[in-house]
Every structure is written in C-alpha cells, then in structure tokens.
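Pasting a structure below so you can have a look.
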Amino acid sequence: MPSATAVEARNAVKRFGQGQSAMTALDDVSVEIRRGEFFTLLGPSGCGKTTLLRLIAGFEFPTSGTILLDGADITALPPNKRPVNTVFQSYALFPHLSVAENIGFGLQMLGKPKAEVAATTARMLVMVRMEALAGRKTSQLSGGQQQRVALARALAPQPKVLLLDEPLSALDLKLRKEMQGELKRLQKETGITFIFVTHDQEEALTMSDRIGVMSAGRILQIGTPREIYTRPANRFVASFIGETNFLTGTLRGTVVALDAGGQVRLTDPGRASGKVTLAVRPEHVRIVPENSAGSLRATVKAQVYFGTDTHCHLMLGDTEVIARLQSSPGGDPGLPVGARVGLSFAADALQVLGD
C-alpha cells in the first residue's frame, strides 16, 4: 500500500560555504507533505523556502538530514532519477518550438513512442485550454499563456510531485488572480501533489490545502489557511499573514491589563498569568460610542479608503490600532480625525500569542 505521505524532509540542514563564513539556509527542517495535496511554503525572501524546494528536486543536496518520496530515501538521487518536475518563475520555454512541441519535449526525452507523445500532448492542451494555439511559437504568447504551457509541459510526464517556484510572480495582478484559480483546478483534476513556493500571503491562503510558514531557515507553523490565519503560532506568523494589531499587557486570570490603558477579558487565556502579547485582526475591531460599557477609549488618527473597505487608524494610548470597516454604497464612516470613540472586540477575537 503506497504511503499517505508524498514527500518528507527529516531534520534537513543546508549550509552554504565553509567555516565561520558558512550560511545556514535550512536549520533542522522536518515536514510531511501529504499525497495529492496543494502544499505551500510561505515566507519572506531568504527564509529557505526555495532551498527546501531545490532539495526535493535534487538541484541541491542537504548538508545533513533526509529527503523521502513515497517513503523511499531519495536524498542522494540526481534530479533526472526523481519522479518530480519543476515549474520555474522564468518558465524556461523553448522559443523556437511551438506550444505543442514544448509540451511534448519532456516525453520525447524520456523515449516515449510518438503516438503516446501526441496523445498526451493533445490531452494537456485541452487541460490548460491551449488547443487553439498548439502551433504557435511560445515567443508569440502572453505571460499567462506561457505559464499554461510551462504547466502542461511539467504535467505531461505525470510526475508524482510538481514543484512550483513562485511561478506567478511575473504576472500582473488580474492575470495572477486568474492563474491562481487555474493552478488549483489543475491540481484537483490531476490529483498530483503540488508544492508551491511564494512570498504572497494571498496566493497561499486562496490556493493551499495546507501552508508551512517559514522564517530564518525554519518552519514556524504548519496548518490549513484558516488555522494559520485565525490561530497563528507566534508574532511572526501573525504579522506575516494578513494585517494584525498587537496589544501588550499583563494577564491575571482571564483579564489583561493593557499597557496602552484599560483592560480586556479573555474567554480562554490558555496560559498562566504574566506579561502577554495579544493579536486581533482589524476586521474584528469594533468602533462603538465613546462611553459604551466595557469599551476602550481611543482617538481617530486617520482613515484610508480601499474601495471594498475603509481602514480606520485609532490611537489607544500610545498604541495604534486599525479597524477595518466594510464599505456600503454611498456610505462614509463619518469619523473625523481627532474624534473620540470606544473600541471593543468580537467574541474570541483576542488571541494570546506564543513566543
């Protein structure tokens, strides 16, 4: 019976250079990626996510640790001996070949019969909705069309795992959103395990089955998009995924005396008393009349209109808090700078962060 885990890294360490000048790109990383899931490695530039992808692809080898595929150790295998394919940011298409020839190229290199190459190429063209452009040179295609060709070429040999290294970063915003949907559709249709690398939190949240958030060569948290967003493990994850307000204070029982003034009550503190940092998303901040029972007193600092919503910046003592107000047709929050208001929070919105 095949393993439920498609790819696993065990205690993977990768250092570049020697001696005191050595740089640790991966620091004891362990992760299990399930068969048939869309898994995203998310983090800022230099966090190690592409290095981990390259270890899985075989383009780099770990300084120590193990890489497994379907439970088999592939740590020392060269890239051409691994049943994985990679889609790069640059697409790496052959400009002198047609769309169909690009898609079939890998199959030809594998020595597949001409009839099989033709049939698979035709099927891939339909899957990526490029059959009408089969004979066109890739240099004559738009960025989104080139992206589809690169995906079809990588999927044609039916790899067990498809690795995607920030493949949407070169596209404009509208096209990038369209391709997010295309990628998710292709992953569901093929059932192939996708491992996607990005620094874009929206891409990660909208496409992934699970996300691994990385920083400084380590994976800080793994979870579903909802788990990562609503229950971040620490301050870095909370600040990297979406916008977050941070409030510091002292916890005694279920009450936090805020450093900015006032106090809030928690339904489930989850830890002993002492200094804590609380996180609350802007959409969970409520603006109420100044003297409302149980509210915190704040002052309006600024408002920023985003179309779909307005961000209201408020000062709670010397701490800035952002409230996200949903826009309505012809509506205006009507909160002038300097206005005194009350703040409250949605039930269970305040979370005590880990270290």
Side-chain angles (χ1 to χ4, degrees), residues 36-40 50 53-54 56-57 59 79-80 82-200 202-209:
E37 79 172 332
F38 196 122
F39 188 93
T40 296
T50 294
L53 201 76
R54 291 177 64 83
I56 296 169
F59 301 138
N80 65 318
R82 303 185 185 202
V84 304
N85 267 347
T86 306
V87 177
F88 300 98
Q89 181 178 334
S90 63
Y91 310 146
L93 300 175
F94 301 112
H96 62 288
L97 298 181
S98 69
V99 168
E101 289 167 340
N102 265 277
I103 293 173
F105 181 81
L107 296 169
Q108 290 179 335
M109 293 298 99
L110 292 172
K112 300 296 183 182
K114 286 185 178 181
E116 182 180 338
V117 173
T120 302
T121 298
R123 190 172 68 254
M124 290 296 109
L125 284 165
V126 172
M127 182 177 291
V128 297
R129 300 166 183 169
M130 292 286 290
E131 55 267 45
L133 301 176
R136 185 172 294 185
K137 294 289 192 289
T138 56
S139 57
Q140 300 172 320
L141 302 178
S142 68
Q145 290 168 338
Q146 290 182 16
Q147 172 65 274
R148 286 182 170 88
V149 177
L151 284 166
R153 185 179 63 182
L155 290 168
Q158 295 183 304
K160 290 185 177 181
V161 178
L162 185 65
L163 310 175
L164 302 109
D165 190 6
E166 305 210 46
L168 307 183
S169 60
L171 304 179
D172 62 54
L173 178 61
K174 185 173 185 297
L175 187 54
R176 191 160 67 244
K177 288 182 178 294
E178 290 177 2
M179 286 305 302
Q180 289 171 12
E182 286 293 296
L183 275 176
K184 189 64 178 174
R185 176 183 67 82
L186 289 170
Q187 193 271 327
K188 289 300 182 186
E189 284 187 11
T190 61
I192 292 172
T193 304
F194 277 27
I195 305 177
F196 186 85
V197 160
T198 185
H199 62 272
D200 188 310
E202 182 180 308
E203 285 183 355
L205 290 172
T206 57
M207 292 192 295
S208 311
D209 295 317

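This structure is a prediction, so every number in the text was calculated from the model and none was measured.
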Distance, nearest 0.5 Å, that separates NZ of Lys174 from CG of Asp172: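 Rounded to the nearest 0.5 Å, the NZ-CG separation comes to 8.5 Å.
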Could you check whether any side-chain N or O of Gln187 sits under 3.5 Å from a backbone N or O of Ile192, counting only pairs where one atom can act as donor and the other as acceptor?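 Side chain of Gln187 to backbone of Ile192: a pair is present.
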Quick one: side chains of residues 119-133, donor-acceptor pairs under 3.5 Å with protein atoms, not counting sequence neighbours, listed by atom name and distance.
residue	atom	partner	partner atom	Å
Thr120	OG1	Glu116	O	2.9
Thr121	OG1	Val117	O	2.7
Arg129	NH1	Glu182	OE2	2.9

Nearest 0.5 Å, please: how far is CD in Gln147 from CG in Leu93?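 Leu93 CG to Gln147 CD: 9.0 Å, rounded to 0.5 Å.
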Pairwise side-chain contact, Phe196 with Glu203, heavy-atom cut-off 4.5 Å (strictly under): yes
Result block: side-chain N/O donor-acceptor pairs under 3.5 angstrom for residues 153-164, not counting sequence neighbours:
residue	atom	partner	partner atom	Å
Arg153	NH1	Ala92	O	3.1
Arg153	NH2	Tyr91	O	3.1
Arg153	NH2	Ala92	O	2.9
Lys160	NZ	Asp70	OD2	3.0

Using salt bridge (Lys or Arg N to Asp or Glu O under 4.0 Å) as the criterion, list what pairs up with Arg54, not counting sequence neighbours. Glu60
Could you tell me the separation between the CG atom of Leu183 and the NZ atom of Lys188, rounded to the nearest 0.5 Å?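 Spacing of CG (Leu183) from NZ (Lys188) equals 13.0 Å.
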Return yes if some donor-acceptor pair links the side-chain N/O of Gln180 with the main-chain N/O of Met207 below 3.5 Å, else return no. no
Donor-acceptor pair, Arg136 side chain versus Val99 backbone, under 3.5 Å?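 Answer holds: no.
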Can you tell me if Thr198 uses its side chain to pair, donor with acceptor, with the backbone of Glu166 under 3.5 Å?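 The answer is no, because no donor-acceptor pair under 3.5 Å joins these two groups.
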Quick one: side-chain contact (heavy atoms from CB on, under 4.5 Å) partners of Ser98, sequence neighbours excluded?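 Residues passing side-chain contact (heavy atoms from CB on, under 4.5 Å) with Ser98: Ala100, Glu101.
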For Glu37, give me all partners under side-chain contact (heavy atoms from CB on, under 4.5 Å), at least two apart in sequence or on another chain. Ile33, Arg34, Phe39, Asp209, Arg210
How long is the gap from CD1 on Ile195 to OG on Ser208, to the nearest 0.5 Å?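 Here the interatomic distance stands at 12.0 Å.
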Which pairs count as ring pair (Phe, Tyr, Trp, His ring centres under 6.0 Å) when at least one residue sits in residues 97-156, sequence neighbours excluded?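 The answer is Phe94-Phe105.
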